[in-house]
Amino acid sequence: MLKLYDTLTRKKKEFIPIDKKNNIVRMYTCGPTVYNFAHIGNMRAYIFMDNLRKVLKYNGYKLEHVMNITDVGHMTSDADEGEDKMEKSARLQNRSVYEIAQEYTKLFMEDISSLNIQIPEYVQKATDNIPEMESYVKGLVDKGFAYETSKGIYYDTSKLSSYGELSKANLEEQRSGARVEVDIEKKNPLDFALWIKSPKEHIMKWDSKWGECYPGWHIECSAISKKFLGDVFDIHTGGVDHIPIHHENEIAQAKGLTGKNPANFWMHVEFLLINSGKMSKSLGNVYTLKDLTKKGIEPLAYRYFTYTSHYRNKLNFTWEAINSAQISLNRLIDACSAHKNEKNNVPKEIVESLDKKFLNAINDDINMPAAMAVVWEVAKEKNKSNDYYNLLKKFDKVLSLNIDRVQDVNKKVVENELSEDIKEILEMRKIARQNKDFSTSDKLRDSLKEKGYNVVDSKNGQNIEKV
RNA sequence: GGCGACAUAGCCAAGUGGUAAGGCACGAGUCUGCAAAACUCUGAUUCGUCGGUUCAAAUCCGACUGUCGCCUCCA
């Protein structure tokens with residue numbers, strides 16, 4: 001039985017899809033706002049999304065999964081004040097918003113691909129769904145949940161008694177002290193923009209019933225999910241930071257239009273901390289996957305690292321911890337290959353019980369740390385057998401760590417690609433070693449190291465690799 | 001100021017009533033001329049502190065201390 005935690009009810013519930021008959025799971029993920037580089041904290045959320053996908057598939061479900069790409073309307077403040085993030089980034093970089101969107105979308109796709117994250121069935125840009133958003137807004141106005149001001153169309157939060165149910169916080173009290181300029185045209189301080197009347201200088205704008213406008217941030221997710229998944233779907237995922245405003249507003253929009261909570265499960269990924277604190281530009285600790293690569297950490301080692309903690313707990317990133325993840329991953333790959341093509345007999349019951357143990361872990365609200373304990377139990381099994389290798393490969397359908405691969409391919413240096421002086425040193429060292437002149441041998445090893453090469457002695461002679 | 005979360009070995013961390021998973025590091029050993037790598041073995045009588053409930057608590061309740069987050073951009 002698959003159990004998932006639902007933020008709205010604050011409970012782990014058994015997961016049963018709406019379309020049980022066809023075994024289809026419909027889910028929605030809040031995707032990136034493509035105005036800047038995605039960092040490793042962002043990536044934690046998408047790794048989780050992917051693990052959830054793969055656990056569902058592991059359980060035999062088919063997926064209809066939508067992720068949006070926000071390329072318009074996400075303001076620099078959630079109070080819908082300030083500048084559009086996309087346009088701000090374009091202005092700062094002196095490029096067009098479309099160039100910005102295209103470039104950061106491309107980089108995002110490269111990042112998720114390097115992490116073995118599957119692309120959802122539908123990836124939808126906000127700007128490709130403008131008509132759907134406009135009619136959504138019209139619908140809300142018709143139902144009396146929205147009103148017009150000189151700045152745009154706003155959602156009337158006072159019309160929805162359950163507003164604030166997701167964050168369970170007294171939003172009124174929280175906001176009263178917030179440093180947000182009061183818009184006197186708004187009926188309630190919490191009312192949020194659905195459709196914004198475009199100032200002249202705003203680049204991305206569309207003709208509509210209310211003149212040239214552009215959409216508010218929250219409406220895109222409601223419109224896109226409704227279009228592709230229907231009024232009510234199974235799972236909605238995102239980061240915990242979306243709970244208080246973005247997802248609260250999505251629920252409000254859907255309840256206004258359809259009268260229903262749009263998702264049966266709301267799942268939220270906790271934050272990644274850096275050295276026990278927040279990731280922030282001012283501290284200079286916002287890392288991207290490329291920053292990790294520069295330090296010899298491959299993207300999949302970062303994926304492994306996220307498995308050391310449960311997705312609903314904060315995870316503390318330290319260089320010591322990420323390095324340990326890289327070492328662990330390397331050893332796991334070696335342990336897996338040690339089982340490959342070995343013929344030792346393994347009782348069927350043992351394989352089945354390990355298989356079940358792994359399934360229980362992932363089906364318990366995607367408990368990856370518990371699942372990894374099972375993975376290691378199999379990997380370290382002394383009785384080497386292809387049965388265990390196959391089991392590990394099966395687990396990797398969820399893990400997506402490519403544990404069935406050959407190590408260090410990139411590090412190996414082809415002999416004839418070496419420069420003459422390196423070859424000469426190697427030859428001298430070979431002779432010294434034949435003569436048991438180890439002090440010369442060690443000196444030559446040091447000099448190779450200075451030139452950026454590691455030489456390792458084995459039964460077959462000297463192996464050289466780039467540092 | 002208001003709200004919320006968390007506190008388990010050097011590090012990253014599972015475990016939410018029945019007697020402390022897993023990984024890394026450290027240490028010891030095997031191997032090696034040495035080193036590196038690999039492999040084997042090893043670590044908490046105890047889960048921030050103090051009380052309480054219970055036959056039984058890391059797990060429930062209370063207080064305290066500490067850390068972090070949100071309320072402002074964020075996955």
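Just so you know, these numbers come straight off a predicted model, no measurement behind them. Residue numbering restarts at 1 for every chain, and letters A, B, ... go by the order of the sequence lines.
Straight-line distance from the CG atom of A:Asn42 to the C1' atom of B:rC73: 12 Å, rounded to whole Å. When rounded to the nearest whole Å, the span between CG of A:Leu166 and C1' of B:rC70 equals 14 Å. Going from atom NZ of A:Lys3 over to atom P of B:rU16 covers 11 Å, rounded to whole Å. Following rounding to the nearest Å, A:Asn383 (CG) and B:rU40 (P) show an atom-to-atom distance of 14 Å. Separating the CG atom of A:Asn51 from the P atom of B:rA75 is a distance of 19 Å, rounded to the nearest angstrom. At whole-Å resolution of the value, CZ in A:Arg312 and C1' in B:rA75 are 17 Å apart. Rounded to a whole Å, the CD1 atom of A:Ile274 is 17 Å from the P atom of B:rC11. The separation between A:Ile333 atom CD1 and B:rC24 atom P is 13 Å, rounded to whole Å.
Across every strand in view, B:rA44 sits unpaired, with no contact that passes the Watson-Crick or G-U test at under 3.5 angstrom. When both pairing distances are held under 3.5 Å, B:rA5 makes a Watson-Crick or G-U pair with B:rU67. Across all strands shown, the partner of B:rC60 is B:rG52, judged by Watson-Crick or G-U wobble contacts whose two distances both fall under 3.5 Å. Checking B:rA21 for Watson-Crick or G-U wobble geometry (two distances, each under 3.5 Å) identifies no partner in any strand. Pair check for B:rU30 finds B:rA38; Watson-Crick or G-U wobble, both atom distances under 3.5 Å.
Across all strands shown, A:Lys357 has no heavy atoms under 4.0 Å from either base or sugar-phosphate atoms. Using a 4.0 Å heavy-atom criterion, one finds that A:Thr33 contacts no nucleic acid atom at all. Residue contacts shown for A:Phe305 are limited to sugar-phosphate atoms, with no base heavy atom under 4.0 Å away. Residue contacts for A:His268: at a heavy-atom cut-off of 4.0 Å it reaches no nucleic acid atom on any strand shown. If you check every strand for non-hydrogen atoms under 4.0 Å, A:Asp442 touches a base. Using a 4.0 Å heavy-atom criterion, one finds that A:Ala373 contacts the bases of the nucleic acid, with or without backbone contacts as well. Using a 4.0 Å heavy-atom distance criterion, A:Ile243 is classed as making no nucleic acid contact. Within 4.0 Å (heavy atoms only), A:Tyr304 reaches sugar-phosphate atoms of the nucleic acid but no base atom. Among the heavy atoms of the strands, none lies under 4.0 Å from A:Glu377. Residue A:Gly41 is classed as a base contact, given a heavy-atom separation below 4.0 Å to a base.
A sub-4.0 Å separation between OP1 or OP2 of B:rC34 and a side-chain N or O of A:Ser441 is absent. The phosphate of B:rC24 (OP1 or OP2) has a side-chain N or O of A:Arg331 nearer than 4.0 angstrom. A close approach under 4.0 Å does occur between a side-chain nitrogen or oxygen of A:Lys278 and OP1 or OP2 of B:rC70. For B:rG15, the OP1/OP2 oxygens have a side-chain nitrogen or oxygen of A:Asn367 closer than 4.0 Å. Taking 4.0 angstrom as the limit, A:Lys382 places a side-chain polar atom (N or O) nearer than this to OP1 or OP2 of B:rC41. Within the structure, a side-chain polar atom (N or O) of A:Lys380 is placed less than 4.0 Å from OP1 or OP2 of B:rG23.
Remark: A:Lys13 qualifies as a cation-pi partner of A:Phe265 under the 6.0 Å distance and 45° angle criteria applied to the six-membered ring. With a 6.0 Å cutoff to the six-membered ring centre and a 45° limit on the axis angle, A:Arg44 does not count as a cation-pi contact of A:Phe271.
Ionic pairing of A:Lys3 and A:Glu14 is not present here: no N-O contact between side-chain nitrogen and carboxylate oxygen is shorter than 4.0 angstrom. By the 4.0 Å N-to-carboxylate-O rule, A:Glu342 lies too far from A:Lys382 to be salt-bridged with it.
Using P as the reference atom, B:rA75 and B:rG17 are 35 Å apart when rounded to the nearest Å. Nucleotides B:rC50 and B:rU65 place their C1' atoms 10 Å apart, quoted to the nearest Å. Only the P atoms considered, B:rC12 is 29 Å distant from B:rG1, to the nearest whole Å. B:rG29 and B:rA36: their P atoms are spaced 13 Å apart (whole Å). Remark: the separation of the C1' atoms in B:rA58 and B:rA21 is 14 Å, to the nearest Å. Taking atom P in both B:rU8 and B:rC3, one finds a spacing of 26 Å when rounded to whole Å. B:rU45 and B:rA38: their C1' atoms are spaced 34 Å apart (whole Å). Remark: the separation of the P atoms in B:rU46 and B:rC39 is 33 Å, to the nearest Å.
Considering only side-chain atoms of A:Phe438, the nucleotide from B:rC68, B:rC12, B:rG33 that sits closest is B:rG33. Listed candidates were B:rC12, B:rC73, B:rA75. Nearest to the side chain of A:Lys85 is B:rC73. For A:Lys314, the listed nucleotide lying nearest its side chain is B:rA5; candidates were B:rA5, B:rA75, B:rC24. When the nucleotides B:rC34, B:rA75, B:rA36 are ranked by their closest atom to the side chain of A:Val456, B:rA36 comes out on top. The A:Trp376 side chain lies nearest to B:rG22 when the options are B:rC12, B:rG22, B:rC34.
Not less than 6.0 angstrom separates the ring centroid of A:Tyr287 from the ring centroid of A:His39.
Between A:His236 and A:Trp266, the ring planes lie parallel to each other; the angle is under 30°, not in the 30° to 60° tilted range.
A side chain to side chain contact (heavy atoms under 4.5 Å, CB included) with A:Thr105 is found for one member of A:Ile69, A:Asp71, A:Ile100 and no other, namely A:Ile69.
Side-chain contact check for A:Asp365 and A:Tyr311: at least one donor-acceptor pair (N or O, by modelled atom type) lies under 3.5 Å.
Position along RNA chain B of the nearest nucleotide to A:Arg44 versus A:Ser328 favours A:Ser328 as the more 5'-ward residue. When the nearest nucleotides of RNA chain B are assigned to A:Leu272 and A:Asn313 by heavy-atom distance, the more 5′-ward of the two goes with A:Asn313.
For B:rC34, the base has a donor-acceptor partner in the side chain of A:Arg445 [N/O atoms by modelled type, under 3.5 angstrom].
Using a 4.5 Å heavy-atom cutoff, the side chains of A:Tyr46 and A:Asp50 are not in contact.
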